[in-house]
Structures are given as structure tokens and as C-alpha cells.
**Student:** 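Encoded as C-alpha cells, here's the structure I'll be asking about.
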Amino acid sequence: MRKIRRISAFILKISFLLLLMLFCLFHTREVSRAVSSALERCIAVIIPSLYAVMIASELLSQSNLISVVARTFTLKGHSFSGSSRRLIFIFLLSLFAGYPVGARLLCSQYENGNISRKTAVMWSGVCYGAGPAFIYGCIASQLYGNSRAGTVILISTVSANVLLACVLLFFTDKADLPCQKDCSKLLLSSETLVNSVTNAGRAIMKICLMILAFSVFIELLYSTGILRSTASILSCYSDYDAETISVFIASILDVTCISALNIRDNYTLLPFICAVVSFGGVCVFMQISAVVSGKLSISRLLFMRIISALLSALICKAIMLPLLENTALPTASADFALHKATSPIPSLMLLVMTFMLMKKQQDIIHKSHC
């Protein structure tokens, strides 16, 4: 039976790759449009907004700052172990840093021997957040044109993560693991900074490559009519039209697609939007898998995000009426705008300098082994 499942999975993978290859060969215009749009999004939005945060997260781990803070942070009468304090610190950072940052920090702590793999996998499901920049800029301003909707989304998604984190604390191993390096010293040097920049550069490249690949897959679903046909069938069993449902299906695959909704005067969809933002999308899961290099299981993360999405929708329904009371209908202009670089030159130069730094680091490592 297990052999049959392996063969079936292999056949499905080969079939999917062949379908994708044929699509790329015979629909070059659609593929070119999808890749061009994704590349522009990476250069103009992803790299400027996420690269600095990724460097900072790597620096936190490389410099041993998380362990130092965990040792010095004390609360009167608290019963948290050093491992629990590390997790709380990473959790608070991940709520506002962006989707892949929390998993990357947890993976670094696991690699350094500060937490177990089981703990890292378990907490990757809650150290996960869209961040205020994405929620206010890409969601609230694009869909509703005001900040109150963004506040509802932010409170709903963060509250769901907080509730799940409180539950996880009871199941987290309270015993500290023996660190593989001295956890009491702050390690700041030029080598630490170089390693942080190069590691962040590799992580950003993996994220961008995953976005490029996923954009082609979504274009395949649109071009073949699979997405629209599925949305038409589901619209027969709901109160929403096929176009709205197709955007939600695309958003489950890639959360940035949610900005394509046309709902300027419809707040009834806000709980569904909160659920999608909290879930993050399959593309984000693939980005995290690439960033952690397969060291953490994604199945547990998927399970936790489904629970978080349901909690976010329920919290949104409970708080949206009082928070949105007397909210005027949005105008065409938005109070917040997603940051977008006016020129791709700075991002390209940043990538070139990162490549140069990686090459220099590899040369140094090669000479040391010779």
C-alpha cells in the first residue's frame, strides 16, 4: 500500500511538471506577463521592505542577542525557562516583521542548539504574521481606503496568534537545552555582520524565486480556466459572485492576490479577509520551506494556520462592529499606500553587492580549507 502511494505521488508530480512545462512552451506571452509582474513586485516591494528585516533577524541570531535577552529578561515571580523566554521574544518580533522571519529565527535557534526541533516546528505555527506594513498598505488602503479596516485585521490576526501562543506555552518543553556556544556573551563583529548579510541575501533570493515560480502556477490556473470554473461552481452555493470567489481562491494560493477584490463598500467580507491574511497562503508556506531549507516540517505549520484563520475570522466578527461604527465610506484616495520603490536601481545594486559579499566570503572559506 505504501509503495502504491509513493508511485501515485511520483506520477502526480511528473504530470504536474509536464503540464507546467507545456504551458511555459505554448503560452509564452502569459508566462512572460506573470514573471514580469512577479519580478517587479520582488524588486519594488519585497526586497526594499523585507531585506533589512531579514538582516536584522539574522543579526539577532548570529550575535546571540536572543539568548542574552532571554537570560537577562526577568519578571517578578515568573516561571518561564530560558527556552520559553527565547520563544516569547521571537514570537513578539515575528508578529510585526513579516511572514518568513519568525520561522527563520526559530530555525536558527534550533541550529544553534538552543531549542529542540519539536519546539521549533510547533512554534513556527504562531511565530507568523503579515506585519502592519502589508496589512495597512496592501490590504486596508487597497480594499477600503481607510486605516480602521487595517486595525481590525491587525487586531484579529495578532489576537489569534496570542491565544494560540498561550496554549503552546503549556506544551513547550520547560527544560533548557545545552547550548552549542556560550549563550551569555553578545557576539558582535565584522564577521557576524557579514554572515548576517549573506545569509539574509540567500533567504531573500529563495523567497523571490518562489514568488516567481508561484506566479506562473497561478497564471496557469487562470489561463486554463480551472480557477474560474471552480469559482463558478462554488458561487452556486454561496451569496458571492464567481469573480469574488476566484480572487479568494487565488489568495489562498498567494495572499497578495487579495488586493484584487472590488469591495469598497462591503465590510461583510472583512472576516474572510482576516482569515486569508492569517492563513498566509500556500506561496508563503513554500517561501518558509525554502528559507529554513527543509529543516522544519510544514504540515504542523499548515494545521496551526488553519486554526488561526478560523480564530481570526471569529475575533473579527466580534470586534468589527464597534471599531467600524460611524466609519465613513472610503474615498478613492487611501490614507496608507504600500511602499513601492520609485526606481529598481537601488534594489539591483543591493543584490549585486550581496553577490560580491557572498563571493568574497566563499573565497575566504576556500583559502582557510587549503
Side-chain angles (χ1 to χ4, degrees), residues 6 8-47 49-50 98-100 103 128 130 134 138-139 142 202-235 242-261 272-273 275-294 296-299 301-303 305-306 309 338:
R6 284 202 303 265
S8 301
F10 177 76
I11 293 174
L12 286 175
K13 290 177 183 178
I14 293 297
S15 302
F16 172 74
L17 290 176
L18 288 174
L19 177 62
L20 193 61
M21 184 182 69
L22 292 174
F23 176 73
C24 293
L25 288 175
F26 295 102
H27 296 268
T28 54
R29 182 179 298 178
E30 290 84 354
V31 172
S32 176
R33 183 175 63 246
V35 172
S36 177
S37 176
L39 188 61
E40 180 183 358
R41 188 163 67 250
C42 289
I43 293 176
V45 178
I46 301 299
I47 294 175
S49 62
L50 195 58
Y99 287 118
Y128 183 103
F134 177 77
C138 189
I139 305 296
Q142 297 293 323
R202 292 188 183 97
I204 283 292
M205 282 188 286
K206 290 178 181 179
I207 291 173
C208 290
L209 289 174
M210 190 61 65
I211 291 173
L212 292 174
F214 226 80
S215 66
V216 176
F217 173 63
I218 293 177
E219 186 62 32
L220 167 66
L221 295 180
Y222 271 112
S223 299
T224 55
I226 295 175
L227 195 59
R228 292 186 177 89
S229 299
T230 304
S232 298
I233 295 173
L234 293 177
S235 65
E243 183 180 355
T244 300
I245 294 176
S246 66
V247 173
F248 270 110
I249 296 174
S251 302
I252 294 174
L253 299 174
D254 184 356
V255 68
T256 59
C257 295
I258 197 71
S259 59
L261 283 173
F272 296 99
I273 295 172
V276 170
V277 173
S278 181
F279 182 69
V282 179
C283 184
V284 173
F285 297 149
M286 296 298 102
Q287 293 172 27
I288 292 175
S289 180
V291 166
V292 301
S293 302
L296 302 182
S297 173
I298 301 299
S299 58
L301 171 64
L302 176 63
F303 175 72
R305 294 327 299 169
I306 292 174
L338 179 65

**Student:** Show the nearest heavy-atom pair for residues Ser215 and Ala38, with the distance to one decimal.
**Tutor:** OG-CB, 3.5 Å
**Student:** Taking Ser251 for the side chain and Val247 for the main chain, is one N or O donor matched with an acceptor at less than 3.5 Å?
**Tutor:** yes
**Student:** Please indicate whether Phe272 has more than 12 foreign heavy atoms, meaning atoms of other residues, nucleotides or ligands, lying under 6.0 Å from its CZ.
**Tutor:** no
**Student:** Which atom names give the shortest non-hydrogen contact between Ala290 and Met210, and what distance separates them?
**Tutor:** CB-CE, 4.2 Å
**Student:** Look at the rings of Phe285 and Phe279 and say which category their plane angle falls in: under 30° parallel, 30 to 60° tilted, over 60° perpendicular.
**Tutor:** perpendicular
**Student:** Who are the side-chain hydrogen bond (donor to acceptor under 3.5 Å, both in side chains) partners of Thr244, not counting sequence neighbours?
**Tutor:** Asp241
**Student:** Atom CG in Leu253, atom CG in Leu221: separation rounded to 0.5 Å?
**Tutor:** 6.5 Å
**Student:** Please set out all donor-acceptor pairs under 3.5 angstrom arising from side-chain atoms of residues 14-28, sequence neighbours excluded.
**Tutor:**
residue	atom	partner	partner atom	Å
Ser15	OG	Ile11	O	2.8

**Student:** Within the structure provided, determine whether Ile249 and Leu234 are in side-chain contact (heavy-atom separation under 4.5 Å).
**Tutor:** yes
**Student:** List for me each residue that meets side-chain contact (heavy atoms from CB on, under 4.5 Å) alongside Ser229, sequence neighbours excluded, and say none if there are none.
**Tutor:** none
**Student:** May I ask you to test the Arg305-Tyr128 pair for a side-chain heavy-atom distance under 4.5 Å?
**Tutor:** yes
**Student:** List the atom of Val255, the atom of Gly280, and the distance in Å for their closest heavy-atom pair.
**Tutor:** CB-O, 3.1 Å
**Student:** State whether the number of non-hydrogen atoms from other residues, nucleotides or ligands found under 6.0 Å of Glu30 atom CD is greater than 12.
**Tutor:** yes
**Student:** Please identify each residue that fulfils side-chain contact (heavy atoms from CB on, under 4.5 Å) with Ile233, with sequence neighbours left out.
**Tutor:** Tyr237
**Student:** Heavy atoms only: give me the nearest Ser278-Ala309 pair and the separation to one decimal.
**Tutor:** OG-N, 3.7 Å
**Student:** Quick one: pull up CG in Leu227 and OG in Ser232 and give me the separation to the nearest 0.5 Å.
**Tutor:** 9.5 Å
**Student:** Taking atom CD1 of Ile207 and atom CD1 of Ile288, what is their separation to the nearest 0.5 Å?
**Tutor:** 8.5 Å
**Student:** What distance do Gln287 atom CD and Ile204 atom CD1 have between them, rounded to the nearest 0.5 Å?
**Tutor:** 9.0 Å
**Student:** Testing the basics here: between Val291 and Pro100, what is the closest heavy-atom pair and its distance to 0.1 Å?
**Tutor:** CG2-CB, 4.3 Å
**Student:** What residues, two or more places apart in sequence or in another chain, satisfy side-chain contact (heavy atoms from CB on, under 4.5 Å) together with Thr224?
**Tutor:** Leu220, Ile226
**Student:** For residues Val282 and Phe214, determine if any side-chain heavy atom of one lies less than 4.5 Å from a side-chain heavy atom of the other.
**Tutor:** yes
**Student:** With sequence neighbours excluded, what pairs up with Ser223 under the side-chain hydrogen bond (donor to acceptor under 3.5 Å, both in side chains) test?
**Tutor:** Glu219
**Student:** Might you point out which heavy atoms bring Tyr222 and Ser246 nearest each other, and give the distance in Å?
**Tutor:** OH-O, 4.1 Å
